[in-house]
Structures are given as structure tokens and as C-alpha cells.
Amino acid sequence: MIDTLRLTAEEAMGLLKSKEVSPRELWDAYRAAIEERDEELHCFLSLVDRPEGDGVPIALKDVIGTKGIETTAGSKILKGYVPVFDSTVAARVKQARLPVLGKTNLDEFAMGSSTENSGFGPTHNPWDLTRVPGGSGGGSAAAVAAGLAPWALGSDTGGSIKQPASLCGIVGLRPTYGTVSRHGIVALASSLDQVGPTTKTVRDCALLYRVIAGRDPLDSTTAEVPPVEIPEAEDLDGVRIGVPPELNEAEGIEPGVRENVERAIELCLELGAETVEVSLPRSVEYGVPCYYLIQPAEASSNLARYDGVRYGLRVGDGTYHDMVERTRDAGFGDEPKRRIMLGAYALSAGYYEAFYGQAQKVRTVIADEHRAAFEQVDVLVSPTSPTVAFPLGAKTQDPLAMYLSDLLTIPSNMAGLPGLSIPCGLSQGLPVGFQIIGPQFAENTLFRVGHALERALEFDYVPERLR
Ligand code: GLN
């Protein structure tokens with residue numbers, strides 16, 4: 001009997017290697033878990049019938065283009081779109097012989113923090129079905145937390161891997177910008193998007209990152225990546241940790257979240273780390289406003305291609321303009337429409353410098369502040385999300401409240417930096433995430449710190465109601 005709720009991807013690899021379990025048995029165990037639990041959770045938008053590959057199965061967020069498998073980005077405008085080629089990430093997953101279980105739910109075009117903006121209905125949090133799993137990658141995070149997939153891939157523009165990992169009590173890595181190819185990924189904001197792993201443990205995270213990372217001739221923004229080290233050390237000797245007050249004492253951080261994070265920082269010290277005082281005076285204050293100029297600007301440009309001609313949905317058969325208008329009206333939900341308008345406005349001739357140009361300058365300030373901090377510390381730490389998982393519907397009428405879910409994940413994303421979220425405890429019976437941010441290409445440091453802390457924390461990632 002395979003317990004998919006507990007089994008890590010690394011343990012699953014061990015079972016395959018020792019031939020205690022066949023690839024087919026492993027696949028069937030996850031398929032059975034999906035049968036049993038996905039009706040109430042709604043993690044998957046589509047399932048693959050037969051395993052392709054004899055490795056540990058994987059789930060992919062539905063922004064990851066997969067040859068022959070419908071790829072919708074959670075939007076009705078892409079319903080029925082079946083890519084004719086694999087994204088580089090999907091190709092690497094195949095090369096590693098990991099069979100794809102299916103494609104997971106998300107906020108439409110990865111715009112959101114709760115998966116409620118999906119064009120196909122929300123995903124539910126496995127810890128409490130009345131609550132959101134976070135977003136945009138709620139489907140991938142909930143699938144791993146509920147044992148429907150041993151590991152999964154997501155994408156993170158402003159926090160869409162880290163925040164759902166936090167709300168679902170699992171591990172998520174948003175890699176350094178440029179380490180993972182964006183070729184064949186449905187683009188949200190090209191200067192921010194990055195694909196990364198969602199897993200139960202930090203070692204699983206490193207193992208999966210190793211599969212997907214590295215330069216890709218098909219994406220000129222990718223770089224050579226230092227060899228990925230699978231973490232082993234259980235101490236933090238010599239690690240210098242910065243606890244910027246702006247990220248740790250920001251308005252809106254729940255007391256229960258703060259307590260758990262403070263306890264995790266104390267554990268770091270017990271493990272041999274030292275804390276150094278650093279601050280990010282402007283990054284947190286300006287992060288979200290700056291993000292909501294740059295991100296919609298790039299999104300409005302990227303979403304211009306959905307015209308009823310090239311992909312998926314087409315509505316109406318009148319003139320070209322009439323058809324495009326009707327297709328975009330019917331195909332896009334409220335959030336993409338909101339951002340297309342905001343972005344087009346920010347990019348319009350008379351306002352380009354005042355909004356987009358200015359936001360780019362602020363982005364440089366944010367990057368500089370982080371660079372200065374990393375002259376003194378190896379990692380920065382904070383809560384991942386200011387809150388634990390919130391009830392479905394709590395923020396859907398208030399986009400600004402929803403945007404603040406990413407208050408603590410956006411600043412380092414704007415600076416192109418990697419961030420790891422690991423669960424560090426429970427507040428109100430719901431998981432709290434601990435964010436570890438590093439300088440560019442410091443994924444190995446994040447894995448080392450995350451792994452040692454994970455060992456010391458002994459957090460049980462199986463949702464209480466499923467134990
Ligand atoms: N919640 C943020 C947004 O709505 C981030 C989403 C993401 O990282 N894709 O844009």
C-alpha cells in the first residue's frame with residue numbers, strides 16, 4: 001500500500017530503484033488519490049490517461065505548454081488549445097522520464113493569489129475546504145499537499161509558487177530569474193515570470209530544480225546555472241541571516257504568523273546561524289505599487305495575442321474587429337480585463353515615462369537595496385504570506401486586499417532573486433510559511449538553510465483532516 005499523503009518524491013524514487021514498487025503501481029496510486037479526493041479539491045484541469053515515462057509522476061501548472069495536452073492557463077479564451085510543441089520545461093521533465101499526471105488549476109493567466117480567478121472554478125485548500133489554497137498556483141500546491149502528486153511545477157511572477165506553498169504547508173521555490181527557461185510557458189509578465197518546484201521537502205525541491213534549471217538556447221534570458229547540490233547538512237554554522245524589519249513587522253502580518261516565524265528564526269540561531277541587522281527601507285513600501293505598473297504593462301502586451309485567430313476560443317463571424325472584440329470580451333475574466341486596461345494605460349504615449357518608466361527606476365532602487373543587504377548577509381528571512389489561508393470569497397470583491405497577499409514575496413521577485421518557502425508551524429490550525437531569500441544564483445544556499453531548518457522544525461506536511 002503506497003501512502004501518497006506521506007511519500008516524498010525522493011522516497012518514491014527509492015521504491016522504484018529497489019523495485020519494491022513498479023512505475024505503473026506508483027502512477028496508479030496517485031491516480032487513485034486523484035479519483036478519491038480531487039472532486040472536492042479541484043486541483044486538476046485535465047488528466048493524462050497513460051503514463052509516459054518510468055520515473056516519479058509529476059503535475060504541471062496549466063501555464064506550462066505541453067505537446068498534445070490541452071494548455072489553458074486557467075482561461076476560457078484558451079479552452080481547447082492543444083500546443084503542437086513542448087515547453088523546454090516539459091521537455092526536460094520528459095527527458096528525466098517523469099510521467100505527467102495532469103495539468104493543475106490556477107488563477108486565469110496566473111493573475112491572482114487565491115486560484116478563485118480561474119475560469120474553471122476555484123481549488124480548495126486541503127487543510128480546510130472552506131479556504132483558498134493561495135494562488136496563482138493553488139492547484140499545484142494543493143495537489144502536492146493532498147497527496148495527489150508527489151511533486152509539481154508552478155510559475156511565480158509576484159509570489160505564485162511561494163504563497164500557495166505557504167498556505168498549503170509545503171515547500172516552494174521561486175528560482176533566480178533566468179535560471180529556468182520560459183520557452184513555451186504562457187507569458188504573464190516576461191521580466192518576472194519564473195517556473196519552479198512545489199514539493200513536500202527541500203531535498204525534493206532541489207532534485208526537481210536540478211531537472212529543470214539551466215541555459216536554454218530557446219530562451220535568451222537564461223544563464224548557466226551552478227551545479228545543484230542536494231542538501232545534507234543539518235546545521236547552519238557560519239550562516240549570516242538578515243531579518244529586515246520592513247518584511248517582518250509590516251502592517252497586516254497576523255500575530256500567529258509572526259510568532260511562528262520568530263520561533264523559526266530562533267531555531268536558526270540554535271542551529272549555529274547568526275543574525276545581522278539589515279533593512280530594506282523602500283523595497284517593501286514600493287514593491288507592490290511598482291509591481292502593479294510593470295506587471296499589468298507587460299501582461300497587456302503579452303495578452304494581445306489572444307485574438308480569436310491564433311489560439312483557442314473564437315466568438316462571432318462578422319468583421320475581423322467585431323470577432324476580436326467579442327472573443328476577448330467572452331474569453332477573458334474580470335482580472336485580465338482589469339490588468340489589460342491598467343497596463344495599456346500605463347504604456348500609453350503620454351503616460352509612458354510617468355508610469356512605466358518611473359516604475360522601472362523604482363525597480364532599480366529595489367534591486368540595489370537587496371544587493372546592499374546581501375553584502376552583509378547570506379540570506380534574508382521573513383514570513384512568506386502575511387496571513388494564513390483565508391476563506392473562499394473573503395477578498396474577491398477587493399482586488400487591492402488580494403494584491404497585498406504578495407506584499408512580502410514581491411520585493412525580491414522585482415529584484416530577480418530566488419526565494420524558498422518552507423512550512424514553519426501552524427496558526428489557527430493552518431500552515432505558516434517561512435520565506436528564505438538569497439542573492440542571484442544562490443539556490444544551493446537556500447536549499448542548505450531550508451533543509452537544516454526543516455529537519456529541526458519537524459513540521460508534519462500531511463493536512464490534519466487527512467491524517
Ligand atoms: N498574485 C500576484 C498577481 O496576481 C502574483 C501572481 C503570480 O505570481 N503569477 O499578479
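Every number for a ligand or one of its atoms is a count from 1 in the order of the listing. Side chains are part of it too, since the values below use all heavy atoms of this structure and drop only hydrogens, waters and symmetry mates.
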- Message: Angle between ring planes, Y306 versus F332, binned at 30° and 60°: parallel, tilted or perpendicular?
- Response: perpendicular
- Item | Distance-only donor-acceptor check, side chains D307 and T327, under 3.5 Å | no
- Message: Closer than 4.0 angstrom, basic N to acidic O: yes or no for R371 and D368?
- Response: yes
- Query: Who are the residue neighbours of ligand 1 when the rule is a heavy atom under 4.0 Å from any of its atoms?
  - Reply: A110, M111, G112, S113, S136, D156, T157, G158, G159, S160, L188, Y291, Y292, Q295, R339, D406
- Item | Salt bridge present between E262 and R258 (N-O < 4.0 angstrom) | yes
- Message: Under a 4.0 Å threshold between the charged nitrogen and the carboxylate oxygen, would E335 count as salt-bridged to R338?
- Response: yes
- Less than 4.0 Å between a side-chain N and a carboxylate O, is that true for R282 and E369? yes
